[in-house]
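Report on the structure given below.
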Amino acid sequence: MLIKFNNAASDHAYEPLYIDSDWIVALYEEIIGDIRRTVIYGGPTGTTWVVQETLEEARKIINRAKDGGNVA
C-alpha cells in the first residue's frame, strides 16, 4: 500500500511523497543543529526519505496503513 507523506527534501519541499508501506524498514528522527527532521529508511536499495511529518505523526500514518486503514 502506498502511504502519502509531505516531502521535506529542499528541492521538493511540501510536494507529495508516496512510499510503499512494505518498503519501510525504519523510522527515526535526525537532529542537525536546532533542526529536527523525520527520516524514513527502506526500499530495495536502502534509501532514505525526509518527510515534513513529526516522528509520531509518521508512526501513526504507517501503523494505520499496516492495519488496513486509508491514509492517502
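These values consider heavy atoms only, across backbone and side chains, with no hydrogens, waters or symmetry-generated copies.
The number of heavy atoms from other shown groups lying within 6.0 Å of CZ (R59) is above 12. With a 6.0 Å radius and a threshold of 12 heavy atoms from other residues, nucleotides or ligands, I31 has its CD1 atom above the threshold.
In terms of hydrophobic clustering, with Ile, Leu, Val, Met, Phe, Trp and Tyr side chains grouped at heavy-atom distances under 4.5 Å, V25 and V50 are assigned to a common cluster. When the side chains of ILVMFWY residues are joined at heavy-atom separations under 4.5 Å, either directly or via intervening members, V39 and L17 end up in two distinct hydrophobic clusters. No single ILVMFWY cluster, assembled from side-chain heavy atoms under 4.5 Å apart, contains both Y28 and V51.
For the atom pair W49 CH2 and W23 CH2, the distance stands at 6.5 Å (nearest 0.5 Å). E56 CD to T38 OG1: the interatomic distance, rounded to the nearest 0.5 Å, is 10.0 Å. One finds the CD atom of Q52 at 12.5 Å from the CZ atom of F5 (value rounded to the nearest 0.5 Å).
Residues meeting the salt bridge (charged side-chain N to carboxylate O under 4.0 Å, His left out) test with E57, sequence neighbours left out: none.
Nearest heavy-atom pair, K4 versus I61, reported as atom, atom and distance to 0.1 Å: O-CG2, 4.4 Å.
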**Request:** Show your working on side-chain contact (heavy atoms from CB on, under 4.5 Å) between N6 and E53 and close with a plain yes or no.
**Result:** CA-CA 7 Å; N6 292 301; E53 289 76 11; 3.0 Å; yes
**Prompt:** After noting the C-alpha distance and the side-chain angles of I19 and I40, does the key distance pass the side-chain contact (heavy atoms from CB on, under 4.5 Å) rule?
**Reply:** CA-CA 9 Å; I19 302 173; I40 299 173; 3.9 Å; yes
**Message:** Please evaluate residues I3 and I24 with respect to the criterion side-chain contact (heavy atoms from CB on, under 4.5 Å), reporting the C-alpha separation (whole Å), side-chain torsions for both, the decisive distance (0.1 Å), and the verdict.
**Reply:** CA-CA 10 Å; I3 304 174; I24 297 172; 4.1 Å; yes
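Counting only distance, with no hydrogens or angles, the side chain of T48 and the backbone of Y41 share no donor-acceptor pair below 3.5 Å.
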